[in-house]
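Okay, so here's the structure we're looking at.
Chain A is the first sequence line, chain B the second, and so forth, proteins listed ahead of strands; every chain is numbered from 1. We use all heavy atoms of the structure for the numbers below, so side chains are in, but hydrogens, waters and symmetry mates are not.
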Number of protein chains: 2
Amino acid sequence: MNLIDYHDSRPIYEQIVENFKLQILKGILRADEQMPSVRSLAIELSTNPNTVQKAYAELERQGYIYTIKGRGNFVKGNTSMIDNKKREIIDAIVELFREAEDIGFSLEEILDEIKNEFKKLDKSIGAGVSLGVDENRGGKA
Amino acid sequence: MNLIDYHDSRPIYEQIVENFKLQILKGILRADEQMPSVRSLAIELSTNPNTVQKAYAELERQGYIYTIKGRGNFVKGNTSMIDNKKREIIDAIVELFREAEDIGFSLEEILDEIKNEFKKLDKSIGAGVSLGVDENRGGKA
DNA sequence: CTAAGTGTACTATGAATGTTAGTACAGTTA
DNA sequence: TAACTGTACTAACATTCATAGTACACTTAG
């Protein structure tokens, strides 16, 4: 499962939460699928049932899973979660753009750098990516 | 000075470090300018000299300030720091793009959203922003 | 019904971290 | 010399994370 990384300084329960969130968001875990029981997962991760319980409580609080007492924890549908996650990502990116501006990192520079990274990494991101607020502008400004 | 926020859960020393890093990167604090003494800053922030000392030690470790015993702490030049920070920001943005892809957030969608944010916020970011890996593509999309 | 599995709620303990407090010492400078 | 600087300790306290153990309620397969 590889749910946790002991070289990671973050608390175990937090890593469990994040990993399940990702799996749910990616659709690897589907709606109404049963989560591992707190006890079995604790054994698998060589950790404590209380730690897993803490993670599950947090996942439930955030709306990613639901609980049926005596039966187990189950995955919720992920549609609204995905929208929230998209918003988080957009906000984070915009915040980074602003941070860059703050230290005198011009937008042109940023975009050039990102373009370079894409060229290095790609295939997956593929072609024709444009953040053009306006391609054909002599305009607005 | 507003260096720390007691509603922030992060350690005080960490907030001090981050705030001075920003001030140095932004050029608000200039090279060879003297930092507040550990004792005076501790009083100003209603905290302990040891906490400030811990922050200053970290800032020195990261190359943002230098120390002259008996005289004080002073700001280092920020040119190489800025380059490092730029790299950090680019890496963070690219990572977010990948994270978005992971949950099926298409590049087009992301860029549209960011465009919208820019339109809302702007003035400063202004015009003609293009991340076009390829402008003139009739292709793919 | 019983047994074995689920979640949940406690208490107690230990380790690590962040913070405060106090003391002491060394270097610099007016 | 006096008043600043940084630095290095030790001690104590609170909080957080994790472990351990126990107990109880619910569900389901037998």
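Straight-line distance from the CD1 atom of I68(B) to the P atom of dT7(D): 11 Å, rounded to whole Å. Here dT11(C) presents its C1' atom at 11 Å from CG of N50(A), a figure rounded to the nearest Å. Rounded to a whole Å, the OH atom of Y13(B) is 8 Å from the C1' atom of dT17(C). When rounded to the nearest whole Å, the span between CD of Q53(A) and C1' of dA18(D) equals 14 Å. Taking atom CD on E58(A) and atom P on dA18(D), their separation rounds to 13 Å, with Å as the unit. Following rounding to the nearest Å, Y56(B) (OH) and dT7(D) (P) show an atom-to-atom distance of 11 Å. The CZ atom of R39(A) sits 7 Å away from the C1' atom of dG7(C) (whole-angstrom rounding). Separating the CD atom of E14(A) from the C1' atom of dC17(D) is a distance of 11 Å, rounded to the nearest angstrom.
Listed pair T47(A) / dT19(D) meets the phosphate criterion, a side-chain N or O lying under 4.0 Å from OP1 or OP2. Remark: T67(A) is in phosphate contact with dT8(C), judged by side-chain N or O atoms under 4.0 Å from OP1 or OP2. In this structure, N73(B) reaches the dG6(D) phosphate: one of its side-chain N or O atoms is under 4.0 Å from OP1 or OP2. Distances shorter than 4.0 Å separate none of the side-chain N or O atoms of K54(A) from OP1 or OP2 on dA18(D). Phosphate proximity of dC17(D) to T51(A): absent, as no side-chain N or O sits under 4.0 Å from OP1 or OP2.
No donor-acceptor pair closer than 3.5 Å links the side chain of E14(A) to the backbone N or O of P11(A). Under the 3.5 Å distance criterion, the side-chain polar atoms of Q34(B) are left unmatched by any main-chain donor or acceptor of N73(B).
In terms of polar N and O atoms assigned as donor or acceptor, the side chain of R71(B) never comes within less than 3.5 Å of the base of dG27(C) in a complementary pairing.
With Y64(B) as the aromatic partner, K76(B) does not meet the cation-pi criteria of under 6.0 angstrom to the ring centre and within 45 degrees of the ring axis.
Mapped onto DNA chain D by nearest heavy atom, K69(A) and R10(A) fall at different nucleotides, with R10(A) at the one closer to the 5' end.
Comparing dA18(D), dG6(D), dT8(C) against the side chain of E60(A) picks out dT8(C) as the nearest.
Between F97(B) and F105(B), the gap from one ring centroid to the other reaches at least 6.0 Å.
Each of K85(A), M81(A), Q62(A) was checked for a side chain to side chain contact (heavy atoms under 4.5 Å, CB included) with K21(A), and the lone residue meeting it is Q62(A).
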